[in-house]
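Letters A, B, ... are given to chains in the order of the sequence lines, protein chains preceding strands, and every chain is numbered from 1.
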2 protein chains.
Amino acid sequence: MLTIGTLSKKTGTKVQTIRYYEQIGLMPEPGRTEGGQRRYDNAQLDRLSFIRHSRQLGFSLDAIRELLDLSDHPNRPCHEADAIARRQLKQVEQRMARLEALRTELKRMVHECSGGRTADCKVLEVLRDHSECLTEHDEIGA
Amino acid sequence: MLTIGTLSKKTGTKVQTIRYYEQIGLMPEPGRTEGGQRRYDNAQLDRLSFIRHSRQLGFSLDAIRELLDLSDHPNRPCHEADAIARRQLKQVEQRMARLEALRTELKRMVHECSGGRTADCKVLEVLRDHSECLTEHDEIGA
DNA sequence: GCAAAACCTACACCAACTGTATCTTTTTCC
DNA sequence: GGAAAAAGATACAGTTGGTGTAGGTTTTGC
């Protein structure tokens, strides 16, 4: 029987986060002691590890919910899990492409800054004047 | 004299977002008509363009606040703006490195999935078993 | 048996918006 | 000029994925 603190250490998840996962229905309600404290078993430890690992791979909580559901039904065809992973891969590649463009632009800004007054600072100039922009970057957030 | 809708179209910013920027003090309070509607001038259009362009480059609203402040004081030395851009560049490079690792892992997952039952789905297996993991990916969020 | 550590609930807060409801102003068209 | 439609106003809730805090209870270790 594991306390929430032990689970927290074993999975690298904050205690509050575990309670949060329970609240949103991602983790099942665990058993309680007489005094009302949560106690977990190994199945729950595995489930939380699965969740954390998936989060580290960039899956959204919704995607993880789907994956857990698939994992709970071993007789269903596998292509759904594969599709989720493929979707995720596509997203990651899109993000990388966008970041690559931003990196180019930022490098240019930094290299052109000669260290004078802000009045003729290239960094600010580039930000002020969109037409200086070499790349198309119309999506926000990374 | 520009309406908020015109400003919205010209900068590709949602109307609500413009009002939100005003609320958090990033945009100044504009003039109003008799009836209470906002009216903007070109200076404000430029400022909003600056904000949007900076957001597209991944700067946080806090960083943009600093940059706007620098931009408002042309006699200050430029190295602060340069430092902000360098910080941003470093962040972008870190994100790219992390995404690169995730991409490798996801590719591996997708390629190994043979399309059988979820019981022996490689995608789920990888997520279940952290020890299969080729990369170190302990930071979350991208 | 008592202090300290770990736990409990409940709620507020973070970024950076977006969406909704309800109402008023402005524009457009006949 | 007057009706209808488009655009604007405020205020507040919701989004994602958590984190932080306050104030109280339970468990553990010596």
Is the distance from OP1 or OP2 of [N] to the nearest side-chain N or O of [X] less than 4.0 Å?
X	N	answer
A:Y21	D:dG17	no
A:R38	C:dC7	no
A:R52	D:dG18	yes
A:R39	D:dT27	no
A:K14	D:dG17	no
A:T3	C:dC7	yes
A:S60	D:dT16	no

Between [N] ([atom2]) and [X] ([atom1]): distance, integer Å:
X	N	atom1	atom2	result
A:Y20	C:dT9	OH	C1'	18 Å
B:I51	C:dC17	CD1	C1'	14 Å
A:Q56	D:dG18	CD	P	10 Å
A:D62	D:dT15	CG	C1'	11 Å
B:I4	C:dT27	CD1	C1'	17 Å
B:Q23	C:dC14	CD	C1'	15 Å
A:R32	D:dT25	CZ	C1'	13 Å
A:L7	C:dA6	CG	P	15 Å

Considering non-hydrogen atoms only, spot the tightest contact between B:P30 and B:Q44 and give its length. CA-NE2, 3.5 Å
Side-chain heavy atoms of A:Q37 within contact of A:R32, under 4.5 Å: no
Kindly indicate whether the side chain of A:Y20, heavy atoms from C-beta on, has any atom under 4.5 Å from the side chain of A:L26. no
Test your reading of the model: is there a side-chain donor-acceptor pair from B:D82 to the backbone of B:A85, 3.5 Å cut-off? no
Would you mind telling me which of D:dG20, C:dT26, C:dC8 lies closest to the side-chain atoms of A:Q16? D:dG20
Considering every strand and a 4.0 Å limit on heavy-atom distances, what is the contact class for A:I24: base, sugar-phosphate, or nothing? nothing
Considering every strand and a 4.0 Å limit on heavy-atom distances, what is the contact class for A:R19: base, sugar-phosphate, or nothing? base
Report yes or no: do B:R52 and B:Y21 form a side-chain donor-acceptor pair below 3.5 Å? yes
Which residue lies more 5' along DNA chain D, comparing A:Q37 with B:K9 via nearest heavy atoms: B:K9
